Amino acid sequence: MVIVAGGPSLTLSQVRQIGIARARDKIRVIAINDAIYPCWFADLLHACDRKWHDLHGGVPAFKGVKTSLEITGYHDVRTLKNTGVGGFDDAPGCIRSGGNGGYQAVHLAAKLGARTIILVGYDYSDDGARLHWFGPHKGEMDKHSNVQNWRKHMRELTDELAGRGIRCVNATIRSTIDWLPRVSLDTDGWEIL
């Protein structure tokens, strides 16, 4: 499972490599928020905030699975139950928030049965929390984010997943998630799978 986030280091080359692998049915893809636009081939769109769904009109043309942590009012968006900030929740339909959609997508990928999770666009930097590959969010979506807490919760989650036999690797070009093994999407072999 490849998860594409909004970090400013995400490149078109990476999106292309992910798209090729998805077209060859080698992977499944979760797109977080605006990553759905270059990753229209994604299997799942996760946007945790109702505001995001409202700003994008519920993205009606996307026919894959859509999830949120807030009730959106869109009939095709599945609301997941937020059962806390950190850790892992095994209960069906429940995930932990981690304070950001990137954490939630990793939690969701594990619950969907992924054995290897590849993170792309997970800069997790102070500037990356507000500056994205697409620029700032519209409206009141951009706000101060505590990326130190994001990293702390993500570390706890990835350690928990490792204990469950789920491998997380980082293909983000510039990332402060420095405890995960680094991989590159530039190789056609995708030996990591």
Side-chain angles (χ1 to χ4, degrees), residues 1-10 14-15 18 28-89 91-112 117 119-154 156-157 172 175-177:
M1 182 90 59
V2 175
I3 304 173
V4 184
S9 71
L10 181 70
Q14 288 179 309
V15 171
I18 296 164
R28 295 292 175 259
V29 179
I30 295 176
I32 302 170
N33 296 337
D34 289 65
I36 193 58
Y37 295 114
C39 297
W40 205 250
F41 49 79
D43 300 279
L44 189 146
L45 160 62
H46 179 73
C48 60
D49 302 311
R50 177 186 178 142
K51 285 181 185 179
W52 187 91
H53 288 278
D54 286 344
L55 283 169
H56 298 269
V59 196
F62 178 67
K63 301 304 180 198
V65 175
K66 301 174 198 175
T67 58
S68 179
L69 282 191
E70 298 179 348
I71 296 170
T72 66
Y74 296 97
H75 74 281
D76 60 344
V77 178
R78 298 176 189 179
T79 305
L80 303 170
K81 184 176 181 184
N82 180 354
T83 58
V85 179
F88 188 85
D89 192 323
C94 298
I95 63 171
R96 303 292 166 88
S97 75
N100 67 90
Y103 178 101
Q104 295 156 28
V106 171
H107 192 291
L108 187 55
K111 289 191 78 150
L112 291 172
I117 300 171
L119 309 180
V120 185
Y122 276 74
D123 292 53
Y124 267 39
S125 59
D126 290 326
D127 62 338
R130 294 196 68 189
L131 302 175
H132 310 284
W133 58 264
F134 55 86
H137 281 291
K138 292 182 181 178
E140 298 176 16
M141 289 290 302
D142 274 322
K143 52 190 174 205
H144 175 70
S145 300
N146 188 333
V147 293
Q148 289 178 332
N149 277 346
W150 289 7
R151 285 188 291 269
K152 178 183 132 228
H153 294 306
M154 184 64 82
E156 292 167 356
L157 177 61
T172 304
S175 179
T176 61
I177 300 175

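Note that the structure is a prediction, hence the values are computed from the model and not measured. When reading the values below, keep in mind they use all heavy atoms of this one structure, side chains included, and skip hydrogens, waters and symmetry mates.
- When every heavy atom of G121 is checked against every heavy atom of A5, the shortest pair comes out as O-CB, 3.2 Å.
- Here the closest non-hydrogen pair linking K51 and E70 is N-OE1, 4.5 Å.
- Residues I36 and A42 share a closest heavy-atom pair of CD1-CB, 4.0 Å.
- For the atom pair OH of Y122 and OG1 of T172, the computed distance is 8.0 Å after rounding to the nearest 0.5 Å.
- Not counting sequence neighbours, K111 has no partner by the salt bridge (charged side-chain N to carboxylate O under 4.0 Å, His left out) test.
- The side-chain heavy atoms of L69 and I95, taken from C-beta on, include a pair separated by under 4.5 Å.
- T72 contributes no side-chain N or O that, together with a main-chain N or O of R50, makes up a donor-acceptor pair within less than 3.5 Å.
- A 4.5 Å side-chain heavy-atom check between C39 and V15 finds at least one atom pair inside the cut-off.
- Taking OH of Y37 as the reference point, atom CZ of F62 lies at 11.0 Å (rounded to 0.5 Å).
- Residues meeting the side chain to side chain contact (heavy atoms under 4.5 Å, CB included) test with R28, sequence neighbours left out: M1, R22, D25, D43.
- Residues S97 and Q104 are in side-chain contact: their nearest non-hydrogen atoms beyond the backbone lie under 4.5 Å apart.
- When the side chain to side chain donor-acceptor pair (under 3.5 Å) test is applied to S175, the partners found at least two apart in sequence or on another chain are N170.
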Name the atoms and distances for all side-chain donor-acceptor pairs under 3.5 Å in residues 73-81, with sequence neighbours left out.
| residue | atom | partner | partner atom | Å |
| --- | --- | --- | --- | --- |
| Y74 | OH | D54 | OD1 | 3.3 |
| D76 | OD2 | K66 | NZ | 2.7 |

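- Atom CD1 in I30 sits 5.0 Å away from atom CG in L108 (nearest 0.5 Å).
- N100 contributes atom CG, which lies 6.0 Å from atom CE of M154 (distance to the nearest 0.5 angstrom).
- Separating the CD1 atom in I117 from the CD1 atom in I3 is a distance of 5.5 Å, to the nearest 0.5 Å.
- Listed by chain and residue number, T83, A91, C94, R96, H107 satisfy the side chain to side chain contact (heavy atoms under 4.5 Å, CB included) test with D89 (two or more places apart in sequence, or in another chain).
- Inter-residue side-chain proximity for F88 and V106 is flagged as unmet; no heavy-atom pair is nearer than 4.5 Å.
- Going from atom NZ of K152 over to atom CD of Q148 covers 11.0 Å, rounded to the nearest 0.5 Å.
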Task: Working for side chain to side chain contact (heavy atoms under 4.5 Å, CB included), residues V59 and W40 - done: CA-CA 11 Å; V59 196; W40 205 250; 3.6 Å; yes

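- Scored by the side chain to side chain contact (heavy atoms under 4.5 Å, CB included) test, A47 finds N33, W52, H53 as partners (sequence neighbours excluded).
- In this structure, the side chains of V85 and Y103 stay at 4.5 Å or more apart for every pair of heavy atoms.
- What you find for V147 and S125 is that their closest heavy atoms are CG1-O, 3.6 Å.
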